[in-house]
Amino acid sequence: IPFILVLHYSLYHMGGQQSTSAPDIEDAHDPACEGCEADEHKEEPCKYNSKLVGTVKYYDQHVVICSGKSDWEAKPEKNPATLASVMNKAIKDRGESLKGPVLVTLCSEEPSGGDGIDIILFPACIKIFGVGQDDIAAFIEDHIVQSNTSSEKWKVEPLSHSHTVLVCTHKSRDRRCGRSGPQIVDKLNEVVGEQGLQGKVKVLASSHIGGHKYAGVVVVYPRGDWFGYVGNRNVEELVQGYVQQDEVLQELWRGRIGLAPEEARKQAHLPPEEGGGKKEKRDKGKNREGQSSTETSATQSPK
């Protein structure tokens with residue numbers, strides 16, 4: 001099959017087209033969601049767990065595939081026909097050559113067109129254009145393993161904006177994110193427009209990131225801070241306090257790229273969880289620069 005046909009089939013499955021089987025909506029039988037409508041979440045969030053800090057699994061890099069959609073099939077990473085699945089498998093096959101775990105998700109950024117697909121890579125904050133399915137191994141070697149920020153194989157550019165806000169809107173995966181996510185995206189774009197930050201802040205809908213029981217789920221790069229229970233009432237504070245003044249919303253903070261759960265709790269000055277929490281697979285607790293993940297600068301600590 002010519003590559004371009006395989007790519008178009010993959011893009012089709014990245015979007016909101018569903019298979020004939022019932023979607024795997026993970027909170028479909030959650031009694032807390034009975035009778036819950038989207039409007040109820042404009043002021044108050046769904047709260048299933050008060051322990052937000054330390055709810056982000058350790059990961060080292062984030063691959064974001066530009067699909068141009070804001071909803072996807074329930075688990076695209078499980079469908080062999082999707083680029084998300086191909087990417088996940090290729091990353092898994094690299095095993096110990098990787099610096100640490102790599103998160104792969106989809107986003108609403110429109111592809112630039114032409115052959116291949118566009119990919120945003122964090123924390124490098126670069127966009128790689130036109131990566132073909134046959135190029136995925138080379139992409140992983142060049143940009144994930146070797147951390148190159150340029151390439152002779154395809155076009156690579158630094159992101160034109162300083163902050164990227166990813167909001168989970170993956171309705172077919174989980175109803176909570178499907179309800180709260182689109183509202184948060186709209187409100188973020190409204191506030192960004194009101195404050196004249198269109199050139200500084202890019203807001204993107206995201207596929208399932210992790211912890212949808214903490215909806216609304218928001219991740220902000222370049223620092224890679226994760227927030228949970230975000231609602232419209234928090235958006236202005238998120239933009240003004242965090243994006244413009246570098247002040248973390250401590251009551252909503254879940255963790256950060258490069259931090260294991262227990263390290264996040266240390267940064268938030270919280271005691272370890274009973275039993276020591278789940279052990280994370282990482283390179284002896286080191287971050288990308290080789291230092292302990294807890295040894296980040298004071299400006300990167302939750303306030």
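Everything quoted here is computed from the prediction, not taken from an experiment.
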- Message: Looking at Glu73 and Lys78, is any side-chain nitrogen of the basic one under 4.0 Å from a carboxylate oxygen of the acidic one?
- Response: no
- Query: Rounded to the nearest 0.5 Å, what separation is found between the OG1 atom of Thr55 and the CZ atom of Arg254?
  - Reply: 3.5 Å
- Query: Can you find a pair of side-chain heavy atoms, one from Ile140 and one from Arg94, that are under 4.5 Å apart?
  - Reply: yes
- Query: Under a 4.5 Å cut-off applied to non-hydrogen side-chain atoms, are Asp71 and Thr169 in contact?
  - Reply: no
- Item | Co-membership, hydrophobic cluster, residues Phe129 and Leu83, 4.5 Å side-chain | no
- Donor-acceptor contact below 3.5 Å, side chain Asn234 vs main chain Gly231: yes
- Take Leu159 and Phe122 through the side-chain contact (heavy atoms from CB on, under 4.5 Å) test and state the conclusion after the steps. CA-CA 10 Å; Leu159 296 181; Phe122 297 108; 3.6 Å; yes
- Ile128 and Leu121: side-chain contact (heavy atoms from CB on, under 4.5 Å), yes or no, with the steps? CA-CA 8 Å; Ile128 303 98; Leu121 182 63; 4.2 Å; yes
- Query: Side chain of Thr82, backbone of Pro76: donor and acceptor closer than 3.5 Å?
  - Reply: yes
- Message: Working to the nearest 0.5 angstrom, can you tell me the gap between Cys125 SG and Glu157 CD?
- Response: 14.0 Å
- In terms of heavy-atom contacts, Ile184 and Val230 come closest through CD1-O, 3.3 Å
- Check: Ser108 side chain, Ala205 main-chain N or O, donor-acceptor pair, under 3.5 Å: yes
- Message: Starting from Ile126, can I reach Ile119 by hopping between I/L/V/M/F/W/Y residues whose side chains sit under 4.5 Å apart?
- Response: yes
- Message: Do Val201 and Val203 make a side-chain contact, defined as non-hydrogen atoms from C-beta onward lying under 4.5 Å apart?
- Response: yes
- Query: Going by heavy atoms in the side chains, are Asp60 and Leu98 under 4.5 Å from each other?
  - Reply: no
- Message: Which label fits His163 and Tyr242: parallel for a plane angle under 30°, tilted from 30 to 60°, or perpendicular past 60°?
- Response: perpendicular
- Find the distance between NZ (Lys266) and CD (Glu262) and round it off to the nearest 0.5 Å. 7.5 Å
- Message: So Val64 and Tyr221, do their side chains get closer than 4.5 Å, heavy atoms only?
- Response: no
- Query: Will you find, in the side chains of Gln146 and Glu141, an N or O donor that is under 3.5 Å from an N or O acceptor?
  - Reply: yes
- CD of Glu236: more than 12 outside heavy atoms within 6.0 angstrom? no
- Going by an N to O cut-off under 4.0 Å, is there a salt bridge joining Lys213 and Asp174? no
- Query: Judged by atom type as modelled, is there a donor-acceptor pair below 3.5 Å linking the side chain of Asp135 to the main-chain atoms of Val131?
  - Reply: no
- Pair Val156-Thr149, side-chain contact (heavy atoms from CB on, under 4.5 Å): steps then yes or no: CA-CA 7 Å; Val156 181; Thr149 56; 5.5 Å; no
- Are side-chain heavy atoms of Tyr58 and Pro101 found at a separation under 4.5 Å? yes
- Check the pair His62, Thr105 against side-chain hydrogen bond (donor to acceptor under 3.5 Å, both in side chains), reporting the backbone distance first and the verdict last. CA-CA 8 Å; His62 190 175; Thr105 60; 2.8 Å; yes
- Locate the shortest heavy-atom distance separating Ser207 from Cys168; write the atom from each residue and the value. O-SG, 3.9 Å
- Hey, what's the ring geometry for Tyr214 with Tyr229, parallel, tilted or perpendicular (30° and 60° as the breaks)? perpendicular
- Give a yes-or-no answer on whether the side chains of Asp225 and Trp253 include a donor-acceptor pair shorter than 3.5 Å. yes
- Separation of Asp134 CG from Asp115 CG (nearest 0.5 Å): 11.0 Å
- Salt-bridged, Arg256 to Glu263, with N to O below 4.0 Å? no
- Query: Judged by modelled atom types alone, do Ser112 and Asp118 share a side-chain donor-acceptor pair under 3.5 Å?
  - Reply: yes
- Determine the minimum heavy-atom distance between Cys66 and Lys127, stating which atoms define it. SG-CE, 4.1 Å
- Message: Quick check: closest heavy atoms across Ile257 and Pro123, and the distance to 0.1 Å?
- Response: CD1-CD, 3.7 Å
- Query: Are side-chain heavy atoms of His212 and His170 found at a separation under 4.5 Å?
  - Reply: no
- Query: Could you give the distance from CD (Gln198) to NE2 (His161), rounded to the nearest 0.5 Å?
  - Reply: 13.0 Å
- Query: When you look at Val218 and Leu166, which way does the side-chain contact (heavy atoms from CB on, under 4.5 Å) test go after all the steps?
  - Reply: CA-CA 6 Å; Val218 175; Leu166 299 175; over 6 Å; no
- Between Lys99 and Ser147, does any side-chain donor sit less than 3.5 Å from a side-chain acceptor? yes
- Between Lys69 and Glu110, does at least one N-O distance fall below 4.0 Å, as a salt bridge requires? no
- Query: Within a strict 4.5 Å, meaning less than it, do heavy atoms of the Asp142 and Lys153 side chains meet?
  - Reply: yes
- Which heavy atom of Val217 sits nearest a heavy atom of Cys177, and at what distance? CG2-SG, 4.5 Å
- Note on the structure: Closest heavy-atom pair, Arg179 versus Pro182, reported as atoms and distance to 0.1 Å, is O-CD, 3.8 Å
- If you measure from CE on Met87 to CG on Leu106, what distance do you get to the nearest 0.5 Å? 10.0 Å
